[in-house]
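To start, the structure under review is shown below, and the notes come after it.
Note: hydrogens, waters and symmetry copies are ignored here, and every other heavy atom, side chains too, is used. The sequence lines fix the lettering, A, B, ..., with proteins before strands; numbering per chain opens at 1.
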2 protein chains.
Amino acid sequence: MRLTTKGRYAVTAMLDLTIHCDDKPVSLADISQRQSISLSYLEQLFSRLRQSELVTSVRGPGGGYRLSRSSDSIYIAQVIDAVNESVDTTNCKGKGDCQGGEICLTHSLWDQLSQEIHSFLNAISLADLVARRDVKSIAQRQVEQLLILNESPQAGAC
Amino acid sequence: MRLTTKGRYAVTAMLDLTIHCDDKPVSLADISQRQSISLSYLEQLFSRLRQSELVTSVRGPGGGYRLSRSSDSIYIAQVIDAVNESVDTTNCKGKGDCQGGEICLTHSLWDQLSQEIHSFLNAISLADLVARRDVKSIAQRQVEQLLILNESPQAGAC
DNA sequence: ACTTACTTGACTAAAATAGTCGGGTATTGG
DNA sequence: CCAATACCCGACTATTTTAGTCAAGTAAGT
Ligand code: FES
Ligand code: FES
C-alpha cells in the first residue's frame with residue numbers, strides 16, 4: 001500500500017479543478033499557485049489523470065484542464081488509482097503466493113483491509129468533498145490569499 | 001501512510017507466536033523458518049515489539065518470546081503501530097498545517113480515512129485471526145512442511 | 001564451560017518518492 | 001504570420017525509506 005503525497009496531490013488538484021469553474025478550463029499554473037504544488041510535478045500527475053480519462057485537456061492560450069465528466073461521478077479511489085496504481089495492501093497483489101508460491105498466514109487480513117479502504121474511497125465523489133463546509137471555506141481562503149499576492153484585478157469569481 | 005512488509009511481517013510473526021504454544025516461549029529461529037522471514041530482520045522487529053510491551057522475552061537456551069498478555073487483547077493496529085509508527089494518512093500528522101501553516105483542502109478526507117483504517121485494524125485481535133479457518137489450515141501446512149524439511153522428531157504439537 | 005538465544009548498533013543495496021530540467025507541440029490573439 | 005501560452009513528454013537526480021546484513025555483545029540454562 002502506498003498513500004503518499006503523490007496521491008494526496010492528485011486528489012487535491014482534482015478538487016481544485018472541481019471548485020474553479022465549470023465553464024473555462026483551469027491551467028496547471030493556477031492550481032500550482034493555489035495549492036502550492038510544483039508545476040512540473042503537476043504536469044506529471046495530470047499526464048496520468050488524462051490517460052485514465054478523468055480529465056480532458058485544452059491546449060493553447062486560455063487552455064487548461066477540465067473534468068471529463070460530472071464531479072459526482074468521479075470517485076476518490078479512481079483518482080488515487082490513476083497516479084498510485086492501486087491501494088492494495090497485500091504483498092502478493094491479491095494472488096496469494098507470498099510464501100514461495102503458497103499463501104501466507106495473513107493474506108486474508110490484508111485482502112480484507114484493501115477492500116475496506118477501497119470501498120471507503122470509492123464511496124466519496126469529488127462533488128461530495130466540494131459540498132463539505134471546511135472545503136468551501138479553505139477554498140475561499142486560498143483564492144483570497146492569491147488575490148492579495150498577485151494584485152491581479154481579475155475579479156472573475158466563477 | 002505506510003503499510004509495507006515491515007508491518008506485515010510484524011503481524012505475521014505475532015500471529016505465529018500466538019499459534020505456537022502458550023506454555024514455552026517461541027524462538028525467533030522457529031518463526032524465521034516457519035514464516036520465511038530473515039532472522040536478523042525479526043530481531044529488529046521484535047526489539048520494537050518488546051519496547052511497545054506487546055511481547056516479553058526469555059533469554060538463554062529454551063528461551064524466546066511470549067505474548068505479554070492474552071491474544072484476545074492484542075489488536076492488529078497495536079502491532080503495526082509498534083513497528084510502523086502509525087497508519088496516519090495525512091501529510092501533516094494530524095496537525096492541519098500542510099500548506100504553509102494553514103490547513104490544506106483535503107486534510108479532513110485523509111483524517112477520516114485514517115480513522116477508518118485504524119478502527120478496522122483495532123477491531124481485530126490476534127485471537128480473532130487465529131480462529132479463522134484459513135489461518136488454521138495455513139499454520140498446519142507450515143508445521144508439516146517444516147517437519148519434512150528438518151526431519152526433527154519433535155512431535156510436540158502443542 | 002559451552003551453548004543457546006535474546007540485544008544492540010552500525011552499516012548497506014536497492015527501490016520509491018518527490019521532484020527538476022529541457023525540450024517539444026498545438027492553439028490563439030494580435 | 002508570429003509570438004505567447006500552456007499542454008506534452010522523457011530523461012535525469014537527490015533524498016528517503018525499505019529491507020535487510022553483520023558484528024559484537026549479554027544473560028541463562030545444562
Ligand atoms: S499477502 Fe497474499 S499471500 Fe501473503
Ligand atoms: S494533510 Fe493535514 S493539512 Fe494537509
Whole-Å distance, A:Leu42 CG to C:dG19 C1', equals 11 Å
_What contact category does B:Tyr9 fall into here, base, sugar-phosphate, or nothing, at under 4.0 angstrom with non-hydrogen atoms?_
sugar-phosphate
Residue pair A:Gly62/A:Ser40 against DNA chain D: nearer the 5' end by closest nucleotide is A:Gly62
Between CG of B:Asn84 and P of D:dT18 the distance, given in whole Å, is 7 Å
| request: Look at B:Arg48 and C:dT8 and indicate whether a side-chain polar atom (N or O) is within less than 4.0 Å of OP1 or OP2. | output: no
Whole-Å distance, A:Arg50 CZ to D:dA6 P, equals 17 Å
When rounded to whole Å, the CG to P distance for the pair A:Leu45 and C:dG19 reads 10 Å
From CD of B:Gln51 across to C1' of C:dC6 the rounded distance in Å is 14 Å
Can a side chain N or O of A:Ser38 be found less than 4.0 Å away from OP1 or OP2 on C:dA18? no
DNA chain C nearest-nucleotide lookup for A:Lys6 and B:Gln44: closer to the 5′ end is B:Gln44
Rounded to whole Å, CD of B:Gln33 lies from C1' of C:dA5 at a distance of 14 Å
- Query: Mind checking whether B:Tyr9 and B:Tyr41 have parallel, tilted or perpendicular rings, split at 30° and 60°?
  - Reply: perpendicular
A:Ser27 has its side chain closest, among D:dA6, C:dC6, D:dC8, to D:dA6
D:dC22 OP1/OP2 closer than 4.0 Å to side-chain N/O of B:Tyr41
no
State whether the distance check finds a donor on one side and an acceptor on the other, under 3.5 Å, for side chain B:Arg59 versus base C:dT4.
no
Donor-acceptor check, side chain of A:Arg34 to backbone of A:Gln145, threshold 3.5 angstrom: yes or no?
no
Of the listed C:dT8, D:dC9, C:dA18, the closest approach to the A:Thr4 side chain comes from C:dA18
Closest to the side chain of A:Ser57, out of C:dA5, D:dC8, C:dA18, is D:dC8
- Give one of base, sugar-phosphate or nothing for A:Phe46, where a contact means two heavy atoms less than 4.0 Å apart. nothing
Taking for A:Gly7 and for A:Val58 the nucleotide of DNA chain C with the nearest heavy atom, the one nearer the 5' end belongs to A:Gly7
Taken to the nearest whole Å, CD1/A:Ile31 to P/D:dA6 is 12 Å
Quiz item: Between A:Thr5 (side chain) and A:Arg8 (backbone), is there a donor-acceptor pair under 3.5 Å?
Solution: no
**Prompt:** Taking atom types as modelled and ignoring hydrogens, do the side chains of B:Thr56 and B:Arg50 form a donor-acceptor contact shorter than 3.5 angstrom?
**Reply:** no
Give a yes or no on whether the backbone of B:Glu53 and the side-chain of B:Ser68 come within a donor-acceptor separation of less than 3.5 Å.
yes
Here the distance between atom P of D:dT21 and atom CD1 of B:Ile37, to the nearest Å, is 12 Å
Checking D:dC9, D:dT5, C:dT8 against the side chain of B:Glu43 (C-beta onward), the nearest is C:dT8
A:Leu109 and B:Val11 have their tightest heavy-atom pair at CD2-CG1, 4.0 Å
